[in-house]
Structures are given as C-alpha cells and as structure tokens.
Asker: 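This structure is in structure tokens; I'll ask about it shortly.
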2 protein chains.
Amino acid sequence: MADASDRPRPRSSSQVTLDDVARACGVSPITVSRALRGARNVAPELQARVQAAVDQLGYVPNVAARALASARSSHVAVLIPSLTNQLFVELLEAVQDALSPHGFQSLIGVTHYDPAQEEALLRSYLSQRPAGVLLTGFDRSEAALRMLERSNTPCVHLMENSDAPGVYSVGFSQRDAGRTIVEHLLQRGRRRIAYAAGQLDPRVMMRLEGYRDALRAAGCHDPALELLAPGPTSIALGGRQFEDLLARHPDVDAIFYCNDDLAQGALLAALRTGVPVPQRVAIAGFNDLGGSDQMLPPLTTVRTPRREIGRRAATMLLALMRAAPAPERTVDLGFDLVVRRSS
Amino acid sequence: MADASDRPRPRSSSQVTLDDVARACGVSPITVSRALRGARNVAPELQARVQAAVDQLGYVPNVAARALASARSSHVAVLIPSLTNQLFVELLEAVQDALSPHGFQSLIGVTHYDPAQEEALLRSYLSQRPAGVLLTGFDRSEAALRMLERSNTPCVHLMENSDAPGVYSVGFSQRDAGRTIVEHLLQRGRRRIAYAAGQLDPRVMMRLEGYRDALRAAGCHDPALELLAPGPTSIALGGRQFEDLLARHPDVDAIFYCNDDLAQGALLAALRTGVPVPQRVAIAGFNDLGGSDQMLPPLTTVRTPRREIGRRAATMLLALMRAAPAPERTVDLGFDLVVRRSS
DNA sequence: CTGAAAGCGCTTACAG
DNA sequence: CTGAAAGCGCTTACAG
C-alpha cells in the first residue's frame with residue numbers, strides 16, 4: 001500500500017511555475033509574485049498582462065514554496081472531539097465561514113474525545129506551522145500543552161472559559177447551564193430528578209456539577225439517580241437509559257439528559273412504552289439540536305450558542321494571528337433555557 | 001482584520017531546524033533526515049541518538065520545506081457536499097481512518113452542493129499540490145474538470161459510479177435503490193405512492209428516476225405526487241411535506257422520502273396528527289440514519305454503504321497515488337432494503 | 001552506512 | 001514601479 005512518502009516523483013515537476021509566467025510576460029519573477037499577491041505597487045497594465053498569462057498557462061501557485069519562503073501559513077488547525085454530534089458540525093461551519101474570507105483554511109482534526117489522539121493530531125498539525133490553532137475545551141495532555149507553548153502559535157479555546165492568564169477562550173458556563181435547567185425542573189415541582197449522560201467529557205461532567213448544585217440547594221440530591229454511561233450518546237442509548245431509570249427508580253419524576261439525542265430517544269421510548277410525558281416524568285435535554293422542537297411532546301432543552309462561539313473564536317484568533325491585542329481574553333456567550341412541553 | 005498574507009514574520013524563524021538537530025548529534029543534516037524518515041540504511045545507534053536530540057530540542061519537521069524538496073505532499077483533498085447530513089460525516093470518518101495510517105491527512109472541503117463553491121475549493125486545494133483528491137459524485141463545472149485534468153492528481157469519485165473511461169469511482173446505483181424501495185411499496189399493495197424530496201442534488205434526482213421506473217412499470221405514475229423542495233432537508237420539512245401531501249392528495253397511500261431525516265419528520269407528524277402508519281399511509285426513507293430504527297413505528301429505509309464506500313475509495317486512491325494500477329476503475333457496493341414497520 | 005553539493009519554487013530585503 | 005541576489009528548510013542524486 002502507498003505511504004505518504006513512498007512515491008518518487010520527478011525532481012522537477014512538469015508544473016507551470018512563477019518563472020514560466022514571468023518569461024511569458026517578459027518580466028522578472030518577483031514582479032509576477034507581486035502582481036499575484038495584489039501588491040499596490042505594480043503597474044495596472046502589467047497586472048493585467050500577468051493575469052492573462054496565468055490564465056493562459058493555468059498557473060497555480062505552489063503553497064509549499066510560498067509557505068517556506070514567507071514563513072507564513074494560511075492554515076488554521078481546528079481540533080474538535082467529534083463530527084457525530086451536530087453541535088460540533090455547526091461550530092465548525094461557523095469557524096470556516098469566519099476564516100475563509102480572510103484566506104485561511106481549516107485543518108480539521110477529530111480527537112474522538114481522547115487527549116492522546118489530540119496530542120498526536122496536534123503534533124502532526126503543528127508540523128505544518130499553522131497560523132493559528134482552535135482547540136475544544138481545556139482537557140489535554142502535558143505534552144500537548146508544551147508543544148503548543150513551544151510553537152508559539154496563537155490559540156483560542158472553544159466551548160468553555162478559563163481565567164488562567166494568557167489563555168484565550170470563547171464559551172459559556174456548562175455548570176451554570178446544568179444548574180439552570182435543573183432549577184427549572186425543581187420549579188415545576190419535580191423532586192426525584194435524574195441525570196442521564198453518555199460521552200463523559202469534561203463538559204458533561206460540569207453539567208453534572210450544575211445538576212448537583214441545584215439539587216443540593218433544594219435538599220434533594222440522590223447520587224443513585226446519576227446514570228453515567230461511557231461511550232457515545234445516541235437516540236437508542238437514551239431510550240435504554242429511560243427504561244432503566246424507570247425500572248430501577250419508579251419514583252423518578254424528571255430526567256435531565258446531557259445531550260438532546262439521548263432525550264429524543266427517551267421521548268420515543270416513552271411513546272413506545274406508554275409513559276406519559278411530562279405527567280409521569282418530565283424530560284429535558286441539552287443543546288437544542290435539530291428535531292427537538294418536532295418531538296412529541298417538543299423537548300425542553302438548553303440552546304447553546306455554538307455558531308456564535310465559532311464566529312467569535314475565529315475573530316479572536318484572527319486578531320491574535322496578526323499579532324494584534326485581542327480585545328478580550330475570555331468571552332462568555334451564555335445560553336438560553338428553552339421550555340417546551342416535555343417539562 | 002488579519003488576512004492570511006498580512007503579518008510579517010522574522011525571516012529566520014526561531015524554530016528548531018534539521019541543522020540544529022544535526023549539530024547536536026555531530027552528524028550531517030542529511031543523516032538526520034534519513035533517520036527521521038525511518039530509512040533502512042542508518043546505524044541503529046545513530047538512529048537512537050537522533051531521536052534523543054529531536055525529543056530534547058523539541059524539533060518538529062517543517063512540512064512546507066519537505067513538500068517543496070520532495071515534490072510530494074501528504075495531503076488528500078476530500079470534497080463533500082455537506083456535514084449536516086450524517087451520511088457524509090460517516091463517509092469522511094471512513095476515509096480518514098483508511099488514509100491516516102498511511103500518513104495522509106485530509107483537507108476537508110464542504111461544497112454546500114454548489115459546483116461553483118466546489119470549483120473554488122478545488123482551485124485552492126490544488127495549490128497545495130495534494131497527493132490525491134476525493135470528490136462526491138460527477139456534477140461539477142467545466143473549469144473544475146480542466147483544473148483536475150491539468151493537475152494530473154489521482155482522483156476517485158464517491159457515491160455514484162460512471163463508466164466514462166479513466167474515471168475511478170466507488171458507489172452504488174442511486175436509481176436502482178430508488179426503484180427497489182418503490183417496488184417494495186408496490187408489493188405491499190400501495191398504488192398512490194408519493195416522492196418527497198429536498199436538497200435536490202443529482203443523487204436525489206436519480207432516486208426520483210428509480211421511483212418513476214417502478215411506478216411506470218406498474219402503470220401508476222402520477223407526476224402530481226412528486227414533491228420536490230429546494231433547500232436543505234430537515235425533520236421539520238419532512239413533517240410539513242407529510243401534512244401538505246395528505247391535504248392535497250387525500251388518497252396518497254405511501255410516501256418515499258429521499259432522506260431519513262425527512263421520513264423521521266413525517267413519522268412524528270403522523271403521530272402528532274393521529275394518522276396511522278402504515279395503515280393509512282406507509283412511510284419509507286433513505287440511508288438508514290441514526291434513530292430511524294427507534295421511531296414509532298420503526299422506519300423502512302435503504303441502508304447505504306457509506307463507510308465501505310469511504311474505505312474502498314481511500315484504498316483505491318492509495319493505489320493510484322503510488323502510481324500502481326488500481327485493481328478496478330469502478331466498484332459498485334450495492335445497498336440493502338431494510339423493511340421495518342412503517343411500510 | 002554517511003556526506004557535500006545542488007535545487008525545489010517561492011518571497012524577503014535591499015537597490016535603483 | 002521593477003529587478004538581482006540570497007535564502008526559507010528540507011530532500012534528491014551522486015559519491016565514497
């Protein structure tokens with residue numbers, strides 16, 4: 001099987017180079033280079049002549065040469081845990097929409113929620129000397145931290161905030177969001193409130209802390225109602241967790257799921273097994289993903305500002321990449337409680 | 001705001017280079033280069049010495065320099081229409097899983113189903129001289145085709161097949177799949193079968209052709225039952241299409257949706273409005289996405305082999321990239337009819 | 001198994 | 001507004 005370094009190619013590619021364009025125009029390569037980069041100090045007539053030659057020859061600049069000569073890259077490495085959670089797809093889209101008008105391309109890395117994989121990706125992406133890095137959260141290896149530090153690459157963190165010095169981040173308080181939705185359930189008169197979770201990343205665990213905060217304050221925290229499943233979340237898992245919870249704790253009167261896919265599965269399982277929602281048990285989710293407003297009953301959840309997070313983080317990184325002082329180190333974008341009929 | 005070409009950096013980066021490592025080891029740079037690439041002809045003792053120096057200095061190879069010197073790249077450009085459809089996320093994961101063990105990284109481009117955007121992405125990615133390209137389907141601009149041709153970059157097409165000479169592809173027959181599911185509905189005794197679609201890409205239109213094939217053969221094709229919505233699919237759209245169709249054509253007895261998210265929305269709308277499925281109307285989807293088996297009733301659909309497509313296409317590209325003759329030009333992976341209780 | 005020379009295709013910094 | 005020289009950090013091809 002081929003490997004990235006396997007195949008010998010002719011020393012001199014048959015590709016069209018800057019020199020070919022220059023020769024075609026009868027000017028020096030450097031002038032072509034300037035014309036191509038839209039330098040202000042090139043005669044308009046020459047500009048047009050160069051463009052014509054480029055089109056005619058089908059010249060495509062070699063970015064490796066450009067990057068090497070200029071010590072500048074148009075890549076931004078974006079490391080996210082998953083593409084399976086719609087949340088991160090939307091985050092990513094917002095990032096790319098903000099970055100690409102400025103000529104930056106995203107190198108997307110999926111860590112699968114694993115610091116070791118993240119470290120490997122970072123090592124590999126850093127070797128491309130990206131102009132900047134976007135990371136999800138703060139849970140990473142010491143080695144990754146050191147590489148980042150040593151590389152001196154501008155970096156912004158997504159989804160959570162930190163008050164550590166020199167750390168840039170755009171996010172919201174996962175813990176507050178967890179507390180808020182549980183307080184809503186308490187206000188509705190629920191007392192036996194369960195937390196059902198999968199994909200136990202640090203943010204899911206912070207939501208758990210918020211859940212505990214609210215229940216302890218109300219004097220009805222019961223650790224037996226915390227259902228933490230390792231592995232990925234899914235609609236099917238949510239259904240199983242729903243049935244488990246009701247079987248083992250028949251008095252449960254509300255379930256807060258760490259992600260909407262689980263909660264959607266619970267709603268479908270309730271329908272299937274004839275458990276009335278919210279009468280017998282209230283259901284709440286997290287993130288307000290696609291379809292949650294279409295469920296039966298529509299799902300109460302927390303809407304998280306992932307598009308805005310992507311946009312703002314990209315803007316912040318853009319400032320750092322041009323070595324401008326970022327206006328703020330930490331942006332808290334908050335969240336919205338969305339009360340629908342499942343609670 | 002910063003642009004990719006804005007910020008001046010010191011001519012000589014303060015980064016650790018090959019030369020630094022060589023000096024630290026007391027050997028020549030070329031030897032370090034060989035040791036790093038795992039060349040067979042380096043003394044084991046030296047190998048270890050180099051590795052130690054690399055670790056100690058925190059050396060990270062500069063891929064731009066490597067790419068320029070070797071005229072070889074470890075990038076593969078992967079152009080897909082969307083990350084919102086779970087289908088393409090799974091396709092992408094399979095591609096990356098197959099490519100990364102061989103040292104290739106994916107440059108992911110999202111075309112938003114737009115040949116103009118695809119052309120722009122291709123232009124930009126080709127300037128990185130990728131080792132290979134993976135494209136979705138065959139619907140692209142003349143200019144894109146020319147660029148690809150001229151670049152001489154190995155290329156494999158995903159999702160559909162073509163018998164054009166020199167074209168590599170891995171997919172299945174969208175038309176046959178459409179025909180198959182409609183034949184199933186016919187066999188169940190349905191006669192007034194609608195096709196409801198969104199995101200009218202070429203594959204959705206080929207499914208439509210399959211739908212027509214089956215209905216014409218059965219003598220019950222009615223163009224009035226083709227509901228083609230421009231714009232993205234969603235659970236909410238599926239629900240609206242369901243209500244529309246039943247209001248305008250009360251005799252409709254089955255609906256084939258071009259994608260499972262639409263069909264899931266239909267199932268939820270049926271539940272909401274009290275329309276019995278499949279008694280009053282059968283529902284079928286396409287792709288067998290997450291949650292379809294959890295619906296009420298579970299959704300009849302077509303399971304498409306996207307992970308296998310990604311894996312096989314990557315394998316084929318790997319062969320082409322090492323200039324090996326690919327075993328086959330065209331791989332048809334078929335599909336599975338999945339009959340559940342909605343039909 | 002190791003090295004000296006040349007070059008990949010650009011851009012920088014300096015002139016004019 | 002345009003150009004000659006040097007160099008970015010690596011690898012290739014050729015020796016020994």
Side-chain angles (χ1 to χ4, degrees), chain A residues 3-23 25-50 54 57 59-74 126-129 151, chain B residues 4-23 25-50 54 57 59-74 103 126-129 151:
Chain A
D3 267 50
S5 50
D6 257 16
R7 178 192 180 191
R9 291 218 202 156
R11 191 75 228 250
S12 166
S13 65
S14 55
Q15 303 272 9
V16 181
T17 74
L18 241 203
D19 279 39
D20 298 323
V21 177
R23 220 166 297 125
C25 293
V27 295
S28 75
I30 172 62
T31 301
V32 175
S33 168
R34 275 194 282 253
L36 253 32
R37 281 173 292 142
R40 52 269 134 226
N41 46 2
V42 172
E45 182 271 338
L46 227 177
Q47 183 88 46
R49 203 140 50 90
V50 167
V54 164
L57 294 172
Y59 169 69
V60 181
N62 180 326
V63 292
R66 173 174 291 178
L68 184 58
S70 67
R72 211 185 282 122
S73 142
S74 59
L126 248 23
S127 75
Q128 328 234 6
R129 314 281 143 122
S151 77
Chain B
S5 51
D6 258 17
R7 178 192 179 191
R9 290 218 205 156
R11 193 73 229 254
S12 165
S13 66
S14 54
Q15 303 272 8
V16 180
T17 75
L18 241 204
D19 279 39
D20 298 325
V21 178
R23 220 166 297 126
C25 295
V27 295
S28 76
I30 172 63
T31 301
V32 175
S33 168
R34 273 194 284 254
L36 253 31
R37 280 174 293 141
R40 52 269 133 227
N41 45 4
V42 171
E45 181 270 338
L46 227 177
Q47 184 89 45
R49 204 139 50 91
V50 167
V54 163
L57 294 171
Y59 169 70
V60 181
N62 180 326
V63 292
R66 171 174 292 178
L68 184 59
S70 68
R72 210 184 286 121
S73 142
S74 58
L126 249 22
S127 73
Q128 327 233 8
R129 315 281 145 119
S151 76

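Proteins get letters first, then strands, A, B, ... in listed order; numbering begins at 1 in each. As the structure is a prediction and not an experimental result, all values here were calculated from the model.
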Asker: Between Arg37(B) (side chain only) and Ser33(B) (backbone N and O only), is there a donor and an acceptor less than 3.5 Å apart?
Answerer: yes
Asker: Rounded off to whole Å, could you give me the CG-to-P distance for the Leu18(A) and dC8(D) pair?
Answerer: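 So the CG-P distance, Leu18(A) to dC8(D), works out to 19 Å.
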Asker: Once you round it to whole Å, what is the distance between P of dG9(C) and CD of Gln128(B)?
Answerer: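 Computing the Gln128(B):CD to dG9(C):P distance gives 17 Å.
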Asker: I need the Ser73(B) OG to Arg129(B) CZ distance, nearest 0.5 Å.
Answerer: 10.5 Å
Asker: Would you please name every residue forming a salt bridge (charged side-chain N to carboxylate O under 4.0 Å, His left out) with Asp20(B), sequence neighbours left out?
Answerer: Arg23(B)
Asker: Pull out every residue in residues 59-67 of chain A that has a heavy atom closer than 4.0 Å to any atom of DNA chain C, ordered by number, or say none.
Answerer: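 Listed by number, they are Tyr59(A), Asn62(A), Ala65(A), Arg66(A).
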Asker: Between atom CZ in Arg129(B) and atom P in dC10(D), what is the gap in whole Å?
Answerer: 21 Å
Asker: Please give, in whole Å, the distance from dC8(C) P to Asp20(A) CG?
Answerer: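 Result: 12 Å.
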Asker: Identify the two heavy atoms, one from Pro29(B) and one from Leu18(B), that lie closest to each other, and give their separation to 0.1 Å.
Answerer: O-CD1, 3.7 Å
Asker: Which string of ( ) [ ] | and . matches DNA chain C, if you list each base 5' to 3' and count Watson-Crick or G-U pairs only when both distances are under 3.5 Å?
Answerer: |||.||||||||.|||
Asker: Mind listing the closest non-hydrogen atom pair of Ser28(B) and Ile30(B) along with its distance?
Answerer: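 Looking at all heavy atoms of both residues, the shortest contact is OG-CG2, 3.0 Å.
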Asker: Are the side chains of Leu36(A) and Tyr59(A) in touch, meaning some heavy atoms are under 4.5 Å apart?
Answerer: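 In contact.
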Asker: dT11(D), dC8(C), dT11(C): which one has an atom nearest the side-chain heavy atoms of Ser33(B)?
Answerer: dT11(D)
Asker: Tell me the interatomic distance from Asp19(A), atom CG, to dC10(C), atom C1', rounded to whole angstroms.
Answerer: 9 Å
Asker: I need the minimum non-hydrogen distance between Val21(A) and Leu57(A), along with the two atoms involved.
Answerer: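 That closest heavy-atom pairing would be CA-CD1, 3.9 Å.
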Asker: So Val32(A) and Val27(A), do their side chains get closer than 4.5 Å, heavy atoms only?
Answerer: yes
Asker: Taking side-chain contact (heavy atoms from CB on, under 4.5 Å) as the definition, give me every residue that meets it alongside Val63(A), ordered by chain and number, with sequence neighbours left out.
Answerer: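 In terms of side-chain contact (heavy atoms from CB on, under 4.5 Å), with neighbours along the sequence ignored, Val63(A) is linked to Ser127(B), Gln128(B).
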Asker: Between protein and nucleic acid, restricted to nucleotides 1-3 of chain D and to nitrogen or oxygen atoms under 3.5 Å apart, what atom pairs and distances do you find?
Answerer:
unit_1, atom_1, unit_2, atom_2, d
dT2(D), OP2, Ala43(A), N, 3.0
dG3(D), OP2, Ser28(A), N, 3.1
dG3(D), OP2, Ser28(A), OG, 3.1
dG3(D), OP2, Thr31(A), OG1, 2.6
dG3(D), N7, Arg34(A), NH2, 2.7
dG3(D), O6, Arg34(A), NH1, 3.3

Asker: Which heavy atom of Ala64(A) sits nearest a heavy atom of Ala67(B), and at what distance?
Answerer: CB-CB, 3.8 Å
